[in-house]
Amino acid sequence: MNQSPPPRSHRFRDRRHTRYDFLDPILVTCPACGAQARVVRIPHEPGHPLYPALAPRRLVRRACALSRTWKGGGPVFHRSPGGTARDPYFGVPLRLQTRTRHGLLWAHNPEHLDLIERYVRASLRERAHWYDIGTEKTLVASLPVWTKRGRNRDEVLRAVGRVRAASPDSRRAATAGKRLAGRRVRGLG
């Protein structure tokens with residue numbers, strides 16, 4: 001009787017990220033040419049010292065010379081259940097989004113997408129308690145219920161893969177992360 005060891009459990013610990021932690025940069029669809037553009041914080045511009053989300057932003061696409069500046073009061077998180085996800089500063093559609101049969105899966109940038117993927121992939125998910133942070137819910141606590149269900153895990157991970165494959169920045173970040181991980185492993189041995 002040759003028994004194989006049980007599958008290794010993947011653990012996710014909520015690091016108390018909020019929706020404000022993934023706002024720089026935001027990958028969007030350029031309103032001028034339809035290609036990928038970025039919403040970035042304007043360097044060397046005075047912003048609110050305690051709240052970086054209130055800093056002035058710029059929508060930039062170098063290839064078509066698009067540049068718009070935002071100096072508004074605060075980000076407005078657009079919720080459109082039947083439509084598309086939009087960035088909180090200029091209201092242009094996010095680049096990292098795809099539709100599933102359950103709803104819309106979206107992310108502001110590759111790091112945000114990585115967080116969603118790690119959470120969904122994990123079989124053991126440890127949450128931060130709402131009373132530990134003293135503010136609002138964490139990002140993973142705010143995810144739609146359908147992304148959290150174990151029975152939807154494969155479909156959500158396929159959707160993450162589709163989003164990653166459609167974005168050049170996500171592919172670059174994923175391959176750079178794999179190369180760095182390989183270097184760390186080789187460096188240890």
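Along the sequence shown, residues are numbered consecutively beginning with 1.
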Between W146 and H102, what is the ring plane arrangement, given parallel below 30°, perpendicular above 60°, and tilted in between?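 Parallel.
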So Y20 and F77, would you call those rings parallel, tilted or perpendicular, with 30° and 60° as cut-offs?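 Ring orientation, 0 to 90° scale: perpendicular.
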Please tabulate, for side-chain N and O atoms in residues 53-65, each donor-acceptor pair with protein atoms closer than 3.5 Å (sequence neighbours left out).
{"from": "R57", "atom 1": "NE", "to": "A55", "atom 2": "O", "distance (Å)": "3.4"}
{"from": "R57", "atom 1": "NH1", "to": "L23", "atom 2": "O", "distance (Å)": "2.9"}
{"from": "R57", "atom 1": "NH2", "to": "P52", "atom 2": "O", "distance (Å)": "3.0"}
{"from": "R57", "atom 1": "NH2", "to": "Y89", "atom 2": "OH", "distance (Å)": "3.3"}
{"from": "R61", "atom 1": "NH1", "to": "Q36", "atom 2": "O", "distance (Å)": "3.4"}

Hey, are the side chains of [X] and [Y] touching, using non-hydrogen atoms and a 4.5 Å cut-off?
X: V160; Y: R162; answer: no
X: P31; Y: R68; answer: yes
X: V140; Y: L115; answer: yes
X: T18; Y: L139; answer: no

On a heavy-atom basis, which atom in [X] and which in [Y] lie closest, and how many Å separate them?
X: D24; Y: V40; answer: OD1-CA, 3.6 Å
X: R11; Y: A122; answer: C-CB, 4.1 Å
X: N109; Y: L96; answer: C-CD1, 3.4 Å
X: L105; Y: V156; answer: CD2-O, 4.1 Å
X: R125; Y: Y119; answer: NE-O, 2.9 Å
X: A85; Y: Q97; answer: N-OE1, 3.0 Å

Cation-aromatic face contact R121/F12, 6.0 Å, 45 degrees: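 Cation-pi check for R121 and F12: fails.
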Got a second to check how far T147's OG1 is from E117's CD, nearest 0.5 Å?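 That separation rounds to 13.0 Å.
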NE2-CD1 distance between H108 and I26, expressed to the nearest 0.5 angstrom: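 If I round to the nearest 0.5 Å, the distance is 5.0 Å.
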Should [X] and [Y] be regarded as members of a common hydrophobic cluster, given that ILVMFWY residues are connected when their side-chain heavy atoms come within less than 4.5 Å of each other, either directly or indirectly?
X: L157; Y: V163; value: yes
X: F90; Y: I42; value: no
X: V28; Y: L104; value: yes

Stepwise, does the salt bridge (charged side-chain N to carboxylate O under 4.0 Å, His left out) test hold for D114 with R164? CA-CA 9 Å; D114 289 341; R164 196 176 305 283; 3.0 Å; yes
Would you list the pairs meeting salt bridge (charged side-chain N to carboxylate O under 4.0 Å, His left out) in which at least one residue belongs to residues 138-153, sequence neighbours left out?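 Pairs touching residues 138-153 that pass the test: none.
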Hey, is the main chain of V92 close enough, under 3.5 Å, to the side chain of D87 for a donor-acceptor pair?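 Yes, D87 side chain to V92 backbone: donor-acceptor pair under 3.5 Å.
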